[in-house]
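Before any comments, here is the structure.
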Protein chains: 2
Amino acid sequence: MNDSGGNAERKRPRRPSQERTSQRDPERTRAAILEAATREFAENGMGGARVDAIAERAGTNKRMLYHYFGDKEQLYLKVLEEAYVGIRTAERALHIGDHSPEEGIGELALFTWRYFLQHPEFLSLLGTENLHRARWLRQSIRLKELHSHLIGELSEVLEQGKKQGVFIETADPLQVYLTIASLGYFYLSNQYTLSTIFGRDLIEPAHLNAWERHIVHVTLASIKR
Amino acid sequence: MNDSGGNAERKRPRRPSQERTSQRDPERTRAAILEAATREFAENGMGGARVDAIAERAGTNKRMLYHYFGDKEQLYLKVLEEAYVGIRTAERALHIGDHSPEEGIGELALFTWRYFLQHPEFLSLLGTENLHRARWLRQSIRLKELHSHLIGELSEVLEQGKKQGVFIETADPLQVYLTIASLGYFYLSNQYTLSTIFGRDLIEPAHLNAWERHIVHVTLASIKR
DNA sequence: CAAGCCGGTAACTAAACAGTTACTTGATGG
DNA sequence: CCATCAAGTAACTGTTTAGTTACCGGCTTG
């Protein structure tokens, strides 16, 4: 408890300032708070998340959190925005138009499923935000156009498939994306209640692989002529 | 504030006891608390729900809530259990085996979608429970066998369809149900973020009807030979 | 008819919480 | 070398919260 006595580590030897091992590092502190907040909000929701817990997880204190992010709500919005930027950025690297229409849709389905699988915190944040009827997301300005790229590219692939006669004429880009997202989101985000009530462990690798194949199968079956 | 003076309503005239307009009505108070709790938990989640708010919504006070349900967590579990009993009971009245296999699956898809649409609080409670990894549902004993009936009946319909050669041999009852539930759940529970980021109001009747048809189409397309 | 129980009220308590304030430490530049 | 400012700490504050206690009043039953 009492280490106010001559502790050698208290006053650290001077370091050349270009080194970043210093305790004073605004960038790192900011990033640590953001990452800690992502986990805390994902695990406990907006109502359950604790500001003290975030500060402790980040290895800092509340003062810094309020200094960098204003208040709990602004921090939460930042976390949500970054989560969306994450998936949309990864999506852009796909270039689904480079393959045949069928392969392109399959690629998008696989990518979405695997991204959801590897980023449970993203699903959780979506759930929290929807519980509150997109109260905070609605306030975000910079996010509006982030998503149009996805629909645009998907639309092109569908059009090409229709021209080639492999897709039905009624296939709609938003409906196709919602179908893919539905099948991945529900399976993963509701795995706990589903595993409990149906007595089957959905997160088991064999079941995960089966569902991955199922998503691709269902998506293509719904738009193929 | 001060109504300790001679308020005529304070001491009410005696009523015959068979009448149920009395202020003393354990059944009604219990039911009112349960309904108020359902709304409060659905709107705010476990972490955001307030015990005071539930008591106020029920037109009673906290003392009664703790008297009838023990504590906040037990009340929440009761709410969740009742929600599951609600959908499974309604499902049993369907008798999907009475139609042709194709019609039976279509009926189940329609029923599920419409039930989700009419019971947003059920979807919300599922979301909350999954955020907490089914922490409370796991403790519920009476719920284990409630769901087996659904899978059993669905399994029979699929088998019949396979015999008749209209369904593919790989069709699995749990996968079919998860497909139906996924498409309904995601669309409705995530409508707020989706409407925001894609700029299309998903709750509009025309879009709802289109998605209803889409669910039936996708479900059947995924299992038809 | 009185004793006691059950449905009900309201004020209280201890802990937890978001947000603030007063202060310390260290780097930088004149 | 000292003035200044940014990074960081820790203790504090007012409010909210789940849960409790002390009490009220009317119905039932011996």
Side-chain angles (χ1 to χ4, degrees), chain A residues 1-4 7 9-33 36-37 40-41 44-77, chain B residues 1-4 6-34 36-37 40-41 44-77 136:
Chain A
M1 286 295 168
N2 179 12
D3 63 337
S4 57
N7 188 324
E9 282 194 319
R10 277 301 285 286
K11 287 203 172 177
R12 304 163 67 258
R14 302 236 173 101
R15 268 172 204 284
S17 64
Q18 78 270 16
E19 244 193 63
R20 273 306 175 95
T21 25
S22 162
Q23 286 181 339
R24 302 197 135 212
D25 189 336
E27 280 304 309
R28 186 166 58 186
T29 301
R30 220 189 108 96
I33 292 172
E40 177 73 10
F41 283 123
N44 302 299
M46 180 64 178
R50 299 289 163 248
V51 173
D52 294 85
I54 294 170
E56 202 190 322
R57 287 180 116 149
T60 178
N61 56 69
K62 280 194 289 186
R63 180 65 179 75
M64 290 296 96
L65 191 154
Y66 284 98
H67 180 247
Y68 288 121
F69 296 97
D71 62 9
K72 188 184 178 183
E73 300 198 9
Q74 285 174 266
L75 174 59
Y76 168 77
L77 178 56
Chain B
M1 288 293 168
N2 178 12
D3 64 339
S4 58
N7 188 322
E9 282 194 319
R10 277 299 289 283
K11 289 200 170 178
R12 306 163 67 258
R14 302 237 173 100
R15 269 174 204 282
S17 66
Q18 77 270 16
E19 244 192 65
R20 273 304 176 93
T21 24
S22 164
Q23 287 181 337
R24 303 196 136 211
D25 189 336
E27 280 305 307
R28 187 167 57 188
T29 301
R30 220 189 108 95
I33 292 172
L34 204 57
E40 177 72 10
F41 283 123
N44 302 299
M46 180 65 179
R50 297 290 162 247
V51 173
D52 294 84
I54 294 170
E56 203 189 323
R57 286 179 117 148
T60 179
N61 55 69
K62 281 193 290 186
R63 178 66 177 71
M64 291 295 95
L65 190 154
Y66 285 99
H67 180 246
Y68 288 121
F69 296 97
D71 62 10
K72 188 184 179 183
E73 300 198 10
Q74 285 175 266
L75 173 59
Y76 167 78
L77 178 56
W136 290 282

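Chain letters run A, B, ... following the sequence lines, proteins first, then strands; residues in each count from 1. Note that the structure is predicted; figures quoted are calculated from it, not measured.
- Within the 4.0 angstrom heavy-atom criterion, only backbone atoms of the sugar-phosphate kind lie near B:Ala49; the bases stay farther away.
- One finds a side-chain N or O of B:Thr29 lying less than 4.0 angstrom from the OP1 or OP2 phosphate oxygen of C:dG8.
- Along DNA chain C, the nucleotide nearest B:His67 and the nucleotide nearest A:Gly48 are compared for position; the residue whose nucleotide lies closer to the 5' end is B:His67.
- Among the atoms of the strands shown, none is found under 4.0 Å from any heavy atom of B:Ala55.
- A straight line from CG of B:Asp52 to C1' of D:dT20 spans 13 Å, rounded to a whole angstrom.
- For C:dA10, the OP1/OP2 oxygens have no side-chain nitrogen or oxygen of B:Asn61 closer than 4.0 Å.
- The shortest heavy-atom contact between B:Ile54 and B:Leu65 is CG2-CD1, 3.7 Å.
- Side-chain N or O atoms of A:Glu40 include one that pairs as donor or acceptor with a backbone N or O of A:Arg50 at under 3.5 Å.
- Atoms CE (B:Met64) and C1' (C:dG8) sit 5 Å apart, rounded to a whole Å.
- A:Lys62 contributes a side-chain N or O that forms a donor-acceptor pair with the base of C:dA18 under 3.5 Å.
- One atom, CD1 of A:Ile33, and another, P of D:dA7, lie 11 Å apart when rounded to the nearest Å.
- Distance CZ (A:Phe69) to P (D:dG8): 12 Å, rounded to an integer number of Å.
- Across every non-hydrogen atom of B:Ala58 and B:Ala32, the tightest pair is CB-O, 3.6 Å.
- The side chain of A:Val51 lies closest to C:dA18, out of C:dA18, D:dA7, C:dT9.
- Distance, B:Asp71 CG to D:dT17 P: 18 Å, rounded to whole Å.
- Per the geometry, CG belonging to A:Asn44 stands 16 Å off P belonging to C:dA16, to the nearest Å.
- Remark: A:Arg50 is in phosphate contact with C:dA18, judged by side-chain N or O atoms under 4.0 Å from OP1 or OP2.
- Side-chain nitrogen and oxygen atoms of B:Tyr76 include none within less than 4.0 Å of the OP1 or OP2 phosphate oxygen of D:dA18.
- The shortest distance between the side-chain N/O atoms of B:Tyr66 and the OP1/OP2 oxygens of C:dG7 is not below 4.0 Å.
- In this structure, B:Arg57 and B:Ala36 approach most closely via the heavy-atom pair CB-CB, 3.6 Å.
- Atom-to-atom, CZ of A:Arg63 to C1' of C:dT25 comes out at 14 Å; the value is rounded to the nearest Å.
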